Asker: 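To start, I am sharing the structure in question, which I have written as structure tokens.
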Amino acid sequence: MDVIIVTGLSGAGKSQASKCLEDLGYYCVDNMPPALIQSFLELTVQNIEKAAFVVDIRGGEFFDDLKTVIENLKRSKLEHRVLFLEASDEILIRRYKETRRSHPLSGSSGSIPEGIQRERKKLEEIRQVADYVVDTSNLKSAQLNQEIKNLILSERNEDMFNVTVESFGYKHGIPLDADMVFDVRFIPNPFYVSSLKNLTGNNKKVQEYVMKFPESRSFADSVKKMVDELIPCYIREGKYNLVLCFGCTGGQHRSVTMANEICSRLKADGRRVVLIHRDL
């Protein structure tokens, strides 16, 4: 049996993903308590070849069982994959405003941004073990369908490998979902250049300043070479998502520039990349 767990942020497109998987012949179950998934599979293993389960924080306390279920699937002989959908805060808030719905974790305050942040924190561990992470921020329904079809139907190879490149500031803490953390505080800080202080690593002037140093270029070359060499090794071990995090003091200049640089280099090679500037 082929099993797919669909999870992720509320409003990121899980319902659309379920419809797509149903069209691909999967028996789809929405919002089943994770603890019951194993029993369902045991009862239906002879009758169903492909099953997909949409699991999210709507399940309340039941959702906490999902990590255990994923660990049990890894120990079983069933082919399984975890598809994690996410989107930017801005897009999620817009979607909630358009549908006039409240976020499941907004609480008594009714604050959608607060609900989104609570949900991100709650999903950190699940995102880390996901096989595929898809950012739906800029995807229309048809594009999301095609993305899922590409992931599910293609043979597993380097074309399917997802790299998340994230910048952060050490004073705000290291991202919990990081696979690799790179400290770029060895690069001269644009913060102390008056004309650059109030800009960010998304600005061309800051980028030119940061990347003009030989150590910056050498570092970017080394990281790119290492990632290229490691991706086939991760794929061999069944891992299809890698989170690279670049940190500087405040997460505004050097880390943002380096994240942009590595993202650009990976995309130039045709890699699937998601770029996040956490503290910008």
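FYI, side chains are in, hydrogens and waters are out, and symmetry mates aren't considered; it's all heavy atoms of this structure. In this text, all values refer to a predicted model and were calculated from it rather than measured experimentally.
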Asker: Quick check: does any side chain N or O of Asp131 sit under 3.5 Å from a backbone N or O of Val82, one acting as donor and the other as acceptor?
Answerer: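 Yes, because the side chain of Asp131 sits within donor-acceptor range (under 3.5 Å) of the backbone of Val82.
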Asker: Looking at every non-hydrogen atom in both residues, tell me the closest pair between Ala87 and Ser137 and how far apart they are.
Answerer: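 Where Ala87 meets Ser137 most closely, the heavy atoms are CA-OG, 3.3 Å.
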Asker: Hey, can you pull the donor-acceptor pairs under 3.5 Å for the side chains in residues 89-96, sequence neighbours left out?
Answerer:
from: Asp89; atom 1: OD1; to: Arg120; atom 2: NE; distance (Å): 2.9
from: Asp89; atom 1: OD1; to: Arg120; atom 2: NH2; distance (Å): 2.7
from: Asp89; atom 1: OD2; to: Gln117; atom 2: NE2; distance (Å): 2.5
from: Arg95; atom 1: NH1; to: Gly11; atom 2: O; distance (Å): 2.8
from: Arg95; atom 1: NH1; to: Thr136; atom 2: OG1; distance (Å): 3.3
from: Arg95; atom 1: NH2; to: Thr136; atom 2: O; distance (Å): 2.9

Asker: Decide if atom CD of Glu71 counts as having more than 12 heavy atoms of other residues, nucleotides or ligands within a radius under 6.0 Å.
Answerer: yes
Asker: With rounding to the nearest 0.5 angstrom, report the CD to CG distance, Gln38 to Asp65.
Answerer: 12.5 Å
Asker: Restricting to side-chain hydrogen bond (donor to acceptor under 3.5 Å, both in side chains), what partner residues turn up for Lys225, sequence neighbours left out?
Answerer: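 Lys225 satisfies side-chain hydrogen bond (donor to acceptor under 3.5 Å, both in side chains) with Glu229 only.
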Asker: OH of Tyr27 to CD1 of Ile4: how many Å apart, nearest 0.5 Å?
Answerer: 16.0 Å
Asker: Cut-off 3.5 Å, no hydrogens considered: what does the side-chain donor-acceptor table look like for residues 195-202, sequence neighbours left out?
Answerer:
from: Thr200; atom 1: OG1; to: Asn202; atom 2: N; distance (Å): 3.1
from: Asn202; atom 1: OD1; to: Asn260; atom 2: ND2; distance (Å): 2.9

Asker: Looking at Val210, is its backbone amide N or carbonyl O close enough to the side chain of Ser216 to form a donor-acceptor pair, meaning the two atoms are under 3.5 Å apart?
Answerer: yes
Asker: Is the closest side-chain heavy-atom distance between Asn72 and Ile70 below 4.5 Å?
Answerer: no
Asker: Where do Ile112 and Lys97 come nearest, in terms of heavy atoms and distance?
Answerer: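 Residues Ile112 and Lys97, closest heavy atoms: CD1-CE, 4.4 Å.
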Asker: Do any N or O atoms from the side chain of Ser218 and from the backbone of Pro214 form a donor-acceptor pair under 3.5 angstrom?
Answerer: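 No, Ser218 side chain to Pro214 backbone: no donor-acceptor pair under 3.5 Å.
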Asker: Closest approach of Ser18 and Val54, non-hydrogen atoms and distance?
Answerer: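 Looking at all heavy atoms of both residues, the shortest contact is CB-CG2, 3.7 Å.
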Asker: Applying ring-ring contact (aromatic ring centres under 6.0 Å, His included), which residue pairs with at least one partner in residues 7-26 are found, sequence neighbours left out?
Answerer: none
Asker: Check the pair Cys20 / Lys149 against side-chain contact (heavy atoms from CB on, under 4.5 Å), numbers first and verdict last.
Answerer: CA-CA 8 Å; Cys20 178; Lys149 290 176 182 177; 4.0 Å; yes
Asker: Taking the side chain from Arg254 and the backbone from Ile187, do they hold a donor-acceptor pair closer than 3.5 Å?
Answerer: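 At least one qualifying donor-acceptor pair exists.
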Asker: Under the side-chain contact (heavy atoms from CB on, under 4.5 Å) rule, what do His80 and Asp2 come out as? Steps first, then yes or no, please.
Answerer: CA-CA 6 Å; His80 69 281; Asp2 179 11; over 6 Å; no
Asker: Look up atom CG in Asn162 and atom OH in Tyr132, then write down how far apart they are to the nearest 0.5 Å.
Answerer: 8.5 Å
Asker: With Glu215, which residues qualify under side-chain contact (heavy atoms from CB on, under 4.5 Å), at least two apart?
Answerer: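 Applying side-chain contact (heavy atoms from CB on, under 4.5 Å) to Glu215 gives Phe186, Pro188, Phe213.
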Asker: Do Asp64 and Lys122 sit within salt-bridge range, that is, some charged N less than 4.0 Å from a carboxylate O?
Answerer: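 Salt bridge present between Asp64 and Lys122.
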Asker: Has the side chain of Thr7 got a donor or acceptor atom that lies under 3.5 Å from a matching backbone atom of Val55?
Answerer: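 The answer is yes, because a donor-acceptor pair under 3.5 Å joins these two groups.
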Asker: Enter the distance from Cys245:SG to Asp179:CG here, rounded to the nearest 0.5 Å.
Answerer: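 Rounded to the nearest 0.5 Å, the SG-CG separation comes out at 8.0 Å.
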Asker: Looking only at heavy atoms, which two atoms of Leu144 and Gly13 are closest? And how far apart?
Answerer: CD2-O, 3.8 Å
Asker: How would you list, by chain and number, every residue that makes a side-chain hydrogen bond (donor to acceptor under 3.5 Å, both in side chains) with Gln128, sequence neighbours excluded?
Answerer: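 Here no residue qualifies.
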Asker: Counting neighbours of CZ on Phe182 that are heavy atoms of other residues, nucleotides or ligands and sit closer than 6.0 Å, is the number greater than 12?
Answerer: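 Atom CZ in Phe182 is packed in, count exceeds 12.
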Asker: Counting distance only, does the side-chain N/O of Asp279 pair as donor-acceptor with the main-chain N or O of Gly169 below 3.5 Å?
Answerer: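 Yes, because the side chain of Asp279 sits within donor-acceptor range (under 3.5 Å) of the backbone of Gly169.
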Asker: Any side-chain heavy-atom pair from Val3 and Leu41 closer than 4.5 angstrom?
Answerer: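 Yes. Closest side-chain heavy atoms under 4.5 Å.
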Asker: Are the side chain of Lys14 and the backbone N or O of Leu9 linked by a donor-acceptor pair below 3.5 Å?
Answerer: yes
Asker: Can you name the side-chain contact (heavy atoms from CB on, under 4.5 Å) partners of Ser141, sequence neighbours left out?
Answerer: Gln16
Asker: Is there a side-chain contact between Val223 and Asp221 (heavy atoms, below 4.5 Å)?
Answerer: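 A side-chain contact is absent here, since even the closest heavy-atom pair is not under 4.5 Å.
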Asker: My understanding is that only residues two or more places apart in sequence, or in another chain, count here; which of them pass side-chain hydrogen bond (donor to acceptor under 3.5 Å, both in side chains) with Ser255?
Answerer: none
Asker: Determine whether a donor-acceptor pair (N or O, by modelled atom type, separation under 3.5 Å) exists between the side chain of Glu166 and the backbone of His277.
Answerer: no
Asker: List in chain and number order the residues that pass side-chain contact (heavy atoms from CB on, under 4.5 Å) with Val274, two or more places apart in sequence or in another chain; answer none if no residue qualifies.
Answerer: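 By the side-chain contact (heavy atoms from CB on, under 4.5 Å) rule, Val274 matches Glu86, Asp135, Thr164, Ile276.
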Asker: Counting only N and O atoms by type, is there a donor-acceptor contact under 3.5 Å from the side chain of Arg217 to the main-chain atoms of Lys212?
Answerer: yes
Asker: Might you point out which heavy atoms bring Gly250 and Lys171 nearest each other, and give the distance in Å?
Answerer: CA-CE, 3.9 Å
Asker: For the residue pair Leu266 and Cys263, establish whether any side-chain heavy-atom pair is separated by less than 4.5 Å.
Answerer: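 Leu266 does not reach Cys263 side chain to side chain.
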Asker: Output all residues satisfying side-chain contact (heavy atoms from CB on, under 4.5 Å) with Arg118, sequence neighbours left out; order by chain, then residue number.
Answerer: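 Applying side-chain contact (heavy atoms from CB on, under 4.5 Å) to Arg118 gives Leu105, Glu114.
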Asker: Not counting sequence neighbours, which residues clear side-chain hydrogen bond (donor to acceptor under 3.5 Å, both in side chains) with Lys19? List them please.
Answerer: none
Asker: Taking the side chain as C-beta and beyond, is there a heavy-atom pair between Phe168 and Phe246 under 4.5 Å?
Answerer: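 No, their side chains stay 4.5 Å or more apart.
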Asker: Under a 4.5 Å cut-off applied to non-hydrogen side-chain atoms, are Ser167 and Arg278 in contact?
Answerer: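 Of all side-chain heavy-atom pairs linking Arg278 with Ser167, none is under 4.5 Å.
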Asker: Starting at OG1 of Thr257, measure out to NZ of Lys204 and round the result to the nearest 0.5 Å.
Answerer: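 Here the interatomic distance stands at 13.5 Å.
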Asker: Could you check Ile262 against Phe219 for side-chain contact (heavy atoms from CB on, under 4.5 Å), going step by step and ending with a plain yes or no?
Answerer: CA-CA 10 Å; Ile262 297 300; Phe219 173 79; 5.9 Å; no
Asker: Run the side-chain contact (heavy atoms from CB on, under 4.5 Å) test on Asp269 and Lys224 for me, step by step, so that the C-alpha distance in whole Å, both residues' side-chain angles and the decisive distance to 0.1 Å come before the verdict.
Answerer: CA-CA 11 Å; Asp269 285 349; Lys224 175 63 166 52; 2.4 Å; yes
Asker: Can you give me every donor-acceptor pair (side chain of residues 43-53, partner residue at least two apart or in another chain, under 3.5 Å) with its distance?
Answerer:
from: Thr44; atom 1: OG1; to: Phe40; atom 2: O; distance (Å): 2.8
from: Lys50; atom 1: NZ; to: Leu24; atom 2: O; distance (Å): 2.6

Asker: Over all heavy atoms of both residues, which pair between Leu85 and Ala17 is shortest? Give the atoms and the distance, please.
Answerer: CD1-CB, 3.9 Å
Asker: Is there a donor-acceptor pair closer than 3.5 Å between any side-chain N or O of His172 and the backbone N or O of Tyr170?
Answerer: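 No; zero donor-acceptor contacts below 3.5 Å.
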Asker: Gln146 and Asn150: side-chain hydrogen bond (donor to acceptor under 3.5 Å, both in side chains), yes or no, with the steps?
Answerer: CA-CA 6 Å; Gln146 189 59 51; Asn150 290 341; 3.0 Å; yes
Asker: So how far is it from Asp56 CG to Ile126 CD1, rounded to the nearest 0.5 Å?
Answerer: 12.0 Å
Asker: Would a 4.5 Å heavy-atom cut-off, applied to side chains only, mark Lys140 and Gln143 as touching?
Answerer: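 Yes, their side chains come closer than 4.5 Å.
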Asker: Are side-chain heavy atoms of Ile5 and Leu73 found at a separation under 4.5 Å?
Answerer: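 Yes; the side chains approach each other to less than 4.5 Å.
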